[in-house]
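Written below as structure tokens is the structure these notes are about.
Because only heavy atoms are used, hydrogens play no part in the values below, and waters and symmetry mates are left out as well, while side chains stay in.
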Amino acid sequence: MSVLSDRDILERWGELFPYTDKNLAWLQNRIQPASVDLQLDKVLKNIDGETFTLDEKSMYVLQPGEFILGSTIEYVNIPHDLVARVEGRSSVGRLGVMVHVTAGYIDPGFRGNITLELFNCSDKPFQLNFGDCLCQIVFETLSSPCKQPYDGKYYGDKGVVCSRWGLEK
């Protein structure tokens, strides 16, 4: 496997991020040498499904030891010849906040917003704001396109999606 560079990401932009509007300022600010920074969307949910909404004026303070689900604003499409990983940005990790606890891997064929598993393992509160760039997505090529792309229970997700563990039984 090899990681897509900024050039590769730009060449495949419309395929990876199926938007009609290509705002070059947005691209220049968010594409890194081998990843794309992703933003936190407005809705947060705790494990019980209680919802909190962020906007330009309100924030959510993630307390030490607290876990909450968020989502990326960006809707992604992972082609059949790629896999992706979501990684927390180092600036956030250095403050003791994990952006994904275990689910950073995204299968070929997945489409949707990426649900983020936010956990504050520090001893200080952490402020979450709508639009924060908490994580980045890295794309890797497969040795060949997959035979069976992902079409599971999280396919096509929009916004924050709580666990669907019960659907596996």
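Under a 3.5 Å cut-off, the side chain of Asp107 and the backbone N or O of Phe110 do not form any donor-acceptor pair. Side chain of Arg89 to main chain of Cys133: a donor-acceptor pair is present (N/O by atom type, distance under 3.5 Å, no hydrogens or angles). A distance-only check finds no donor-acceptor pair linking the side chain of Thr72 to the backbone of Leu40 [under 3.5 Å]. Panel note: side chain His100, backbone Gly88; no donor-acceptor pair is recorded below 3.5 Å. The closest donor-acceptor contact from the side chain of Asp55 to the backbone of Phe130 lies at 3.5 Å or more, if one exists at all.
Here the straight-line distance linking atom CG of Asn113 with atom CD1 of Ile73 works out to 9.5 Å at 0.5 Å rounding. Annotation: the span from Asp41 atom CG to Asp132 atom CG amounts to 12.0 Å, rounded to 0.5 Å. Rounding to the nearest 0.5 Å gives a distance of 13.5 Å between CZ of Arg111 and CD1 of Ile106. Considering CD of Glu117 and CD1 of Ile68, their distance stands at 13.0 Å, rounded to 0.5 Å. Here Leu44 contributes atom CG and Glu50 contributes atom CD; the two are 11.0 Å apart, rounded to the nearest 0.5 Å. Taken from CD in Glu87 to SG in Cys135, the straight-line distance is 9.5 Å, to the nearest 0.5 Å.
Between Leu54 and Tyr60 there is a side-chain heavy-atom pair separated by less than 4.5 Å. Side-chain contact between Ile137 and Ile114 is present, with at least one heavy-atom pair separated by less than 4.5 Å. Side-chain atoms of Lys124 and Pro64, non-hydrogen and from C-beta on, never get closer than 4.5 Å to each other. Side-chain contact between Phe126 and Leu95: present, with at least one pair of heavy atoms (C-beta onward) separated by less than 4.5 Å. For the pair Leu69 and Leu118, the minimum side-chain heavy-atom distance is 4.5 Å or more. The closest side-chain heavy-atom distance from Asp81 to Arg12 is below 4.5 Å. Proximity of Leu142 to Val83: side-chain heavy atoms (C-beta onward) are separated by under 4.5 Å at one or more points.
Between the side chains of Asn77 and Glu15, not a single donor N or O lies within less than 3.5 Å of an accepting N or O. Between the side chains of Thr141 and Ser2, at least one donor N or O lies within less than 3.5 Å of an accepting N or O. Checked by atom type, the side-chain pair Asn129/Gln127 shows a donor-acceptor distance below 3.5 Å. No hydrogens or angles considered: nothing links the side chains of Gln136 and Arg30 as a donor-acceptor pair under 3.5 Å.
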Verdict with reasoning, Gln32 to Asp37, per side-chain contact (heavy atoms from CB on, under 4.5 Å): CA-CA 7 Å; Gln32 302 300 325; Asp37 291 342; 3.0 Å; yes
Candidate pair Asn120 and Gln63, rule side-chain hydrogen bond (donor to acceptor under 3.5 Å, both in side chains), full reasoning: CA-CA 7 Å; Asn120 185 351; Gln63 297 299 323; over 6 Å; no
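Under the 4.5 Å side-chain heavy-atom criterion for grouping Ile, Leu, Val, Met, Phe, Trp and Tyr, Phe67 is not connected to Val61 through any hydrophobic cluster. Hydrophobic clustering (ILVMFWY, side-chain heavy atoms < 4.5 Å, transitive): Val138 and Leu82 are in distinct clusters.
Under the 30°/60° scheme for interplanar angles, the aromatic rings of Phe139 and Phe17 are found to stand perpendicular.
In summary, Arg85 and Glu140 engage in a salt bridge, as defined by a charged side-chain N under 4.0 Å from a carboxylate O.
Between Leu10 and the choices Val36, Leu16, Ile31, the side-chain contact (heavy atoms from CB on, under 4.5 Å) rule is met once, by Ile31.
Listed here is the closest heavy atom pair of Ile78 and Ala84: CD1-CB, 3.8 Å.
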